[in-house]
Amino acid sequence: MMKAVNLFLAAIAVSVTALAGVSQAVADVERAAMVTTHCFACHSIDGTGNMPNLVGYPPDILVMQMRMFKDGSRPATIMNRIALGYTDEDFVQMGEYFGTIK
Amino acid sequence: MTHFTRRRFLKAAGIGGASAVVGFGAASSVAKASKNAHVIVIGGGSGGATAAKYLKRFSPDLNVTLIEPHATYHTCYGSNWVVGGHAQMDDIAQTYDALQSRHGVKVVQDTVTGIDPDARTVKTAGGETMKYDRLVVSPGIDFRYDNIEGITEADSESVPHAWKAGEQTMILRRQLEAMPDGGVFVMVVPGNPFRCPPGPYERAAMVAHYFQKEKPKSKIIILDNKENFSKQGLFMSGWKEHYGDMIEWVPSSRGGMVEEVDVANLTAISDAGFNEFKADVLNYVPAQQAGKVAQDAGLAVGHWCPVNQMTFESRVHRGIYVIGDASIAGAMPKSGHSANGQGKVAAAAVVRDLAGLEPKSAPTANTCYSLITPDHAISVAGIYVFEPGEREWEDGQMVLVPGSGGVSPADAPATTRQLESIYTKGWYDGITADIWG
């Protein structure tokens with residue numbers, strides 16, 4: 001749980017960094033956006049389809065779930081294979097970015 | 001041509017002349033005009049429609065024009081389900097209403113007749129000349145008949161390719177419906193690279209599913225111009241499990257490398273006439289190349305378009321980005337999902353470039369589901385990152401993140417196959433919403 005809280009704080013730190021000193025229009029094309037928008041292909045942000053909707057998902061829980069897919073402790077049909085392609089930093093950025101979508 | 005050698009790069013530079021050497025060190029004079037810059041996107045398929053939508057998402061002040069000849073776009077993915085008879089054309093039809101009304105993209109229904117990379121203009125069949133600051137080209141594929149005797153594109157009414165969805169899909173469907181029980185469906189499949197690597201093998205399964213219900217004495221022969229194929233083990237065990245010996249796969253070394261087609265007699269001929277395969281329905285999927293508009297603009301070197309694989313900016317013409325099946329994208333397959341990802345990569349790169357920022361690299365993904373029956377699906381996934389080469393971006397490539405992705409497990413239970421079939425439909429709904437919704 002402590003780890004999750006730390007990651008949550010890390011996520012906030014990332015989001016603050018992302019917004020500092022960059023104009024609003026460009027802020028959206030920082031790395032977090034570039035990593036996370038690829039998730040939208042399956043996890044539609046308007047609720048279409050049958051994959052879990054991740055808009056507004058708690059960032060720390062998203063990070064935990066991605067880690068569990070990656071280490072195999074959460075069973076999956078495909079997310080385990082996908083999670084293996086990403087780092088912890090990616091998971092934190094995904095959690096942070098999904099948290100910013102309205 | 002997946003590997004881009006130094007020699008080939010020099011060739012690319014030669015073709016493009018002075019404008020060929022593309023570097024992001026070069027400060028862009030357009031950067032200041034970022035706010036009201038005009039970005040034109042050519043082609044409203046998976047790559048182009050995504051790029052247009054995400055350009056507006058990443059930079060709402062941009063003027064974005066999407067030029068696409070058709071009012072309705074039929075996705076290639078899902079078209080095998082129509083061929084097999086358990087989906088309708090309406091199920092794979094997409095329109096541009098949301099791009100215009102929800103996302104502020106100007107959609108122009110027209111055909112591009114020429115690109116002038118020096119003047120930065122695009123000409124259309126409708127007589128318009130439009131100026132761009134940045135151009136995204138997502139032209140898809142065109143077919144080649146230069147490696148085959150006896151057949152041209154003009155024969156595709158009687159021998160359909162059905163490799164661009166639309167009328168061709170329906171021609172093949174009607175031919176299969178008219179075929180008598182006990183008939184032979186022959187599919188000729190090109191060598192790599194080509195659009196949708198698992199597509200032919202899903203098509204075989206979908207046709208087998210239809211035959212099994214309606215015409216159980218029929219047979220399917222795949223004549224393949226290669227020695228192995230995508231998700232091969234999973235396809236072959238799935239075919240066996242559901243359709244017994246109905247599907248026969250013939251690799252290039254055993255007569256699959258078709259050299260001639262006798263259109264009048266629906267016969268495919270290989271090994272200098274040694275093998276003849278007589279069909280009742282013949283589906284010839286030709287070899288492919290980058291779509292005509294890219295070829296005409298000199299964006300292709302050989303059959304495909306070399307790009308900086310970090311940004312998808314053309315290595316021939318500065319300010320033009322080539323995405324989707326037409327591009328050379330390293331380890332990324334020519335799929336709708338890859339095109340969707342590349343549309344986002346190019347959109348981010350264009351917006352950053354217009355703002356005078358250095359390009360950034362981030363992982364992108366491909367996921368591809370194939371149905372073996374409507375309740376049995378298999379998948380392949382991959383996460384791809386840009387890996388700089390010895391000369392940084394010039395010889396850098398999109399590579400698979402080691403250990404990531406791969407295919408569904410060979411020993412998965414039926415419940416997993418069924419779950420993946422449910423996710424197949426979810427994937428279709430999700431990605432089409434992401435692109436056109």
Side-chain angles (χ1 to χ4, degrees), chain A residues 14 17-18 21-55 66 69-72 74-94 96-98 100-102, chain B residues 34-35 50 54 57-62 337 340-341 344-345 347-352 354-355 357 360-367 369 377 379-385 400-409 412 416-417 419-420 422-423 425-435 437:
Chain A
V14 167
T17 318
V22 190
S23 81
Q24 193 56 49
V26 179
D28 205 32
V29 217
E30 289 305 312
R31 193 175 181 282
M34 294 177 64
V35 173
T36 313
T37 48
H38 292 296
C39 306
F40 301 175
C42 300
H43 298 271
S44 164
I45 56 168
D46 64 7
T48 309
N50 56 21
M51 316 282 179
N53 186 344
L54 300 176
V55 173
M66 289 303 290
F69 283 130
K70 190 172 179 177
D71 70 20
R74 179 173 167 181
T77 55
I78 199 166
M79 277 311 299
N80 46 353
R81 288 177 268 153
I82 290 171
L84 283 165
Y86 293 100
T87 62
D88 247 21
E89 184 205 357
D90 296 332
F91 297 156
V92 170
Q93 292 194 343
M94 288 171 188
E96 177 263 322
Y97 193 79
F98 270 115
T100 66
I101 303 168
K102 287 174 189 76
Chain B
S34 165
K35 273 222 152 194
T50 301
Y54 278 81
R57 178 183 175 89
F58 291 149
S59 186
D61 294 331
L62 274 183
H337 199 123
N340 168 254
K344 294 167 189 174
V345 171
V350 165
V351 170
R352 290 187 65 88
L354 286 169
L357 298 170
K360 241 185 193 153
S361 156
T364 179
N366 177 63
T367 303
Y369 288 98
S379 64
V380 63
I383 308 302
Y384 299 89
V385 287
L400 182 73
V401 175
S404 78
V407 298
S408 311
T416 300
R417 306 292 189 220
L419 257 181
E420 290 220 287
I422 293 165
Y423 289 139
K425 288 138 205 156
W427 173 87
Y428 185 92
D429 293 341
I431 198 163
T432 52
D434 188 35
I435 299 168

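Letters A, B, ... mirror the listed sequences (proteins, then strands); counts begin at 1.
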Side chain / backbone / both / neither for B:Leu400 at chain A, heavy atoms under 4.5 Å: neither
Between A:Ser44 and B:Ala433, what is the shortest heavy-atom contact and its length? OG-CB, 4.0 Å
Quick check on the interface: out of B:Ala347, B:Gly437, B:Ser379, who has the most heavy-atom pairs with chain A under 4.5 Å? B:Ser379
Before giving the answer on side-chain contact (heavy atoms from CB on, under 4.5 Å), spell out for A:Met34 and B:Ser361 the whole-Å C-alpha distance, their side-chain angles and the decisive distance to 0.1 Å. CA-CA 8 Å; A:Met34 294 177 64; B:Ser361 156; over 6 Å; no
Identify which part of B:Thr432 has an atom lying under 4.5 Å from any heavy atom of chain A, answering side chain, backbone, both or neither. neither
Max heavy-atom pair count under 4.5 Å with chain B, selected residue of A:Thr48, A:Asp46, A:Asp90: A:Thr48
Which heavy atom of B:Glu420 sits nearest a heavy atom of A:Arg81, and at what distance? OE2-NH2, 3.5 Å
Winner by heavy-atom pair count (cut-off under 4.5 Å) against chain A, out of B:Thr416, B:Thr50, B:Val380, B:Ile422: B:Ile422
Looking at every heavy atom in both A:Val29 and B:Ala348, which two are closest together, and how far apart are they? CG1-CB, 3.1 Å
Euclidean distance, B:Tyr423 OH relative to A:Ile78 CD1, rounded to 0.5 Å: 10.0 Å
Heavy-atom pairs under 4.5 Å with chain A, option from B:Thr364, B:Thr367, B:Val385 with the top count: B:Thr364
With a 4.5 angstrom heavy-atom cut-off, could you sort out which part of A:Asn80 is near chain B: side chain, backbone, both or neither? neither
All salt bridge (Lys or Arg N to Asp or Glu O under 4.0 Å) counterparts of B:Arg417, not counting sequence neighbours: none
Kindly give the heavy-atom pair with the smallest separation between A:Cys42 and B:His337, and that separation in Å. SG-CE1, 4.0 Å
So which of B:Ala381, B:Pro363, B:Gly403 has the largest heavy-atom pair count under 4.5 angstrom toward chain A? B:Pro363
Residues that A:Ile45 engages under side-chain contact (heavy atoms from CB on, under 4.5 Å), provided they are two or more places apart: A:Phe40, A:Val55, A:Phe98, A:Ile101, B:Arg57
Greatest number of heavy atom pairs closer than 4.5 Å to chain A - which of B:Gly406, B:Pro409, B:Ala412, B:Ala365: B:Gly406
Side chain from CB out, backbone as N, CA, C, O: work out which of these in B:Tyr384 comes under 4.5 Å of a heavy atom of chain A, or both, or neither. neither
Give a yes or no on whether the backbone of A:Ala41 and the side-chain of B:Asn340 come within a donor-acceptor separation of less than 3.5 Å. no
Heavy atoms of B:Ala362 and A:Arg31 approach each other most closely as CB-CG, 4.3 Å
Can you tell which part of B:Ile383 gets under 4.5 Å to a heavy atom of chain A, answering side chain, backbone, both or neither? side chain
Closest approach of B:Ser404 and A:Gly85, non-hydrogen atoms and distance? CB-CA, 3.4 Å
